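Reviewing the structure listed below.
The shown structure was predicted, so the numbers you read here are calculated from the model rather than taken from an experiment.
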Amino acid sequence: VVTIHQPDFIPWLGFFDRWSRSDVYVVLDTVQFIRRGWHHRDRIKTPNGPRWLTVPVAKKGRFEQRIADTLIDESSNWRAKHLSTLRAAYVRTSGFAGLFPEVEAIYGRNHRRLMDHNREFLELIAGRLGITAPMVLASDLGVAGSRSELLAGLVEAVGGDVYLTGTGARGYLDERIFGERCIEVRWQEFDHPVYPQLFGGFEPGMSALDYLMNGPGRQA
């Protein structure tokens, strides 16, 4: 069972649920970086409601850059701002003391590529959730094509016969292409857990850091 997804920044629980149900996660780092998408930002819950944490990236002259090639823009003190926002949002949570030092360490490594920064967060959160399925970089597999042809080729490249995908792909996925390669397309069914949060009513869809900081347990 293979899942394929871009290396987004501290994604939500739905992504990690899909990874946990797979044997391999192919990191789709060869596609174009999308501005104002999830590749470099996600939301956390703060005293003032949900708030975006955004990693600034170098854009000038790089309009069609791949995720793998996207560099972080270091012209502002964004790392300190992120850590300050995270500390204010979660210092009173049960998971803060155990998790925040590891988060702080990732920011302290000063990665130049967005991909490297995001990958460390993916590994950290997966480890905390007990996910053991390995990550394989699409850029290491040498598979060509676009959309469904690319995805099916990546599944084949890692020896998969089931492609597990999210419902957001229903608008573009061509299941016929997978069928021609004897690959089953399986659609994720995800019920978002409700867990204790600070600052008012429950807000679904936050970064998985929100779930871990609030300390409801190890399994998504």
Side-chain angles (χ1 to χ4, degrees), residues 5-21 25 27 35-57 72-133 135 166 168 188-220:
H5 202 275
Q6 298 95 334
D8 288 344
F9 175 59
I10 53 171
W12 74 307
L13 282 174
F15 162 75
F16 288 98
D17 173 78
R18 194 177 348 146
W19 186 357
S20 74
R21 299 175 188 274
Y25 162 37
V27 183
R35 298 186 184 193
R36 299 185 181 276
W38 300 97
H39 300 163
H40 68 134
R41 64 178 189 163
D42 214 304
R43 298 183 304 157
I44 63 169
K45 191 177 182 188
T46 75
N48 298 314
R51 175 172 173 177
W52 290 101
L53 281 184
T54 302
V55 180
V57 300
I72 295 174
D73 180 357
E74 300 291 1
S75 62
S76 65
N77 196 17
W78 67 274
R79 298 174 194 272
K81 291 178 181 178
H82 276 209
L83 289 171
S84 176
T85 300
L86 288 165
R87 187 180 291 107
Y90 296 116
V91 69
R92 292 168 47 206
T93 62
S94 58
F96 179 82
L99 183 58
F100 187 76
E102 294 186 69
V103 171
E104 197 170 29
I106 293 174
Y107 279 95
R109 282 191 269 280
N110 297 319
H111 291 299
R112 187 73 182 94
R113 292 196 310 161
L114 175 68
M115 168 70 197
D116 298 326
H117 185 69
N118 288 1
R119 185 175 180 176
E120 282 219 51
F121 272 111
L122 292 173
E123 291 171 343
L124 170 63
I125 297 171
R128 288 299 187 108
L129 294 174
I131 298 171
T132 58
M135 286 194 288
Q188 178 191 29
E189 296 180 5
F190 177 63
D191 293 322
H192 200 300
V194 176
Y195 54 87
Q197 289 177 332
L198 301 180
F199 318 122
F202 181 71
E203 289 281 355
M206 298 295 101
S207 162
L209 276 183
D210 185 81
Y211 175 82
L212 292 174
M213 286 290 189
N214 283 288
R218 289 184 58 82
Q219 298 300 320

At what distance, to the nearest 0.5 angstrom, does [atom1] of [X] lie from [atom2] of [Y]?
X: L86; Y: L53; atom1: CG; atom2: CG; result: 5.0 Å
X: S94; Y: M213; atom1: OG; atom2: CE; result: 10.5 Å
X: Y25; Y: W19; atom1: OH; atom2: CH2; result: 6.5 Å
X: I125; Y: E102; atom1: CD1; atom2: CD; result: 11.0 Å
X: Q188; Y: R21; atom1: CD; atom2: CZ; result: 7.0 Å
X: D8; Y: H40; atom1: CG; atom2: NE2; result: 10.0 Å

If you look at every heavy atom in [X] and [Y], which pair is closest and at what distance?
X: K45; Y: M206; answer: N-SD, 3.8 Å
X: D42; Y: S207; answer: OD1-N, 3.8 Å
X: Y90; Y: N214; answer: CE2-ND2, 4.2 Å
X: E123; Y: M135; answer: CG-CE, 3.3 Å
X: A89; Y: P47; answer: CA-CD, 4.4 Å
X: D210; Y: Q197; answer: OD2-NE2, 2.8 Å

Any [X] side-chain heavy atom under 4.5 Å of [Y] side chain:
X: N118; Y: I10; value: no
X: P7; Y: L122; value: yes
X: D17; Y: L13; value: no
X: V103; Y: L209; value: yes
X: E74; Y: R79; value: yes
X: L212; Y: L129; value: yes
X: R36; Y: R41; value: yes

Ionic contact status for R87 with E104, cut-off 4.0 Å: yes
Lys/Arg-Asp/Glu bridge criterion (N-O < 4.0 Å) met for R113, D116: yes
Sequence-distant partners of Y107, ring-ring contact (aromatic ring centres under 6.0 Å, His included), two or more places apart: W78, H82, H117, F121
Enclosure of R92 CZ (heavy-atom neighbours >12, cutoff 6.0 Å): no
More than 12 heavy atoms of other groups within 6.0 Å of R112 CZ: yes
Centroid-centroid under 6.0 Å between F15 and W38 rings: no
Centroid-centroid distance, Y211 to Y195, less than 6.0 Å: yes
No-hydrogen, no-angle side-chain donor-acceptor test under 3.5 Å, N48 and T46: no
Criterion side chain to side chain contact (heavy atoms under 4.5 Å, CB included) on M115 and V27, from CA distance to verdict: CA-CA 10 Å; M115 168 70 197; V27 183; 3.8 Å; yes
Full working for salt bridge (charged side-chain N to carboxylate O under 4.0 Å, His left out) between E203 and R43: CA-CA 10 Å; E203 289 281 355; R43 298 183 304 157; 5.4 Å; no
Exam field: side chain T85 to backbone K81, donor-acceptor pair closer than 3.5 Å: yes
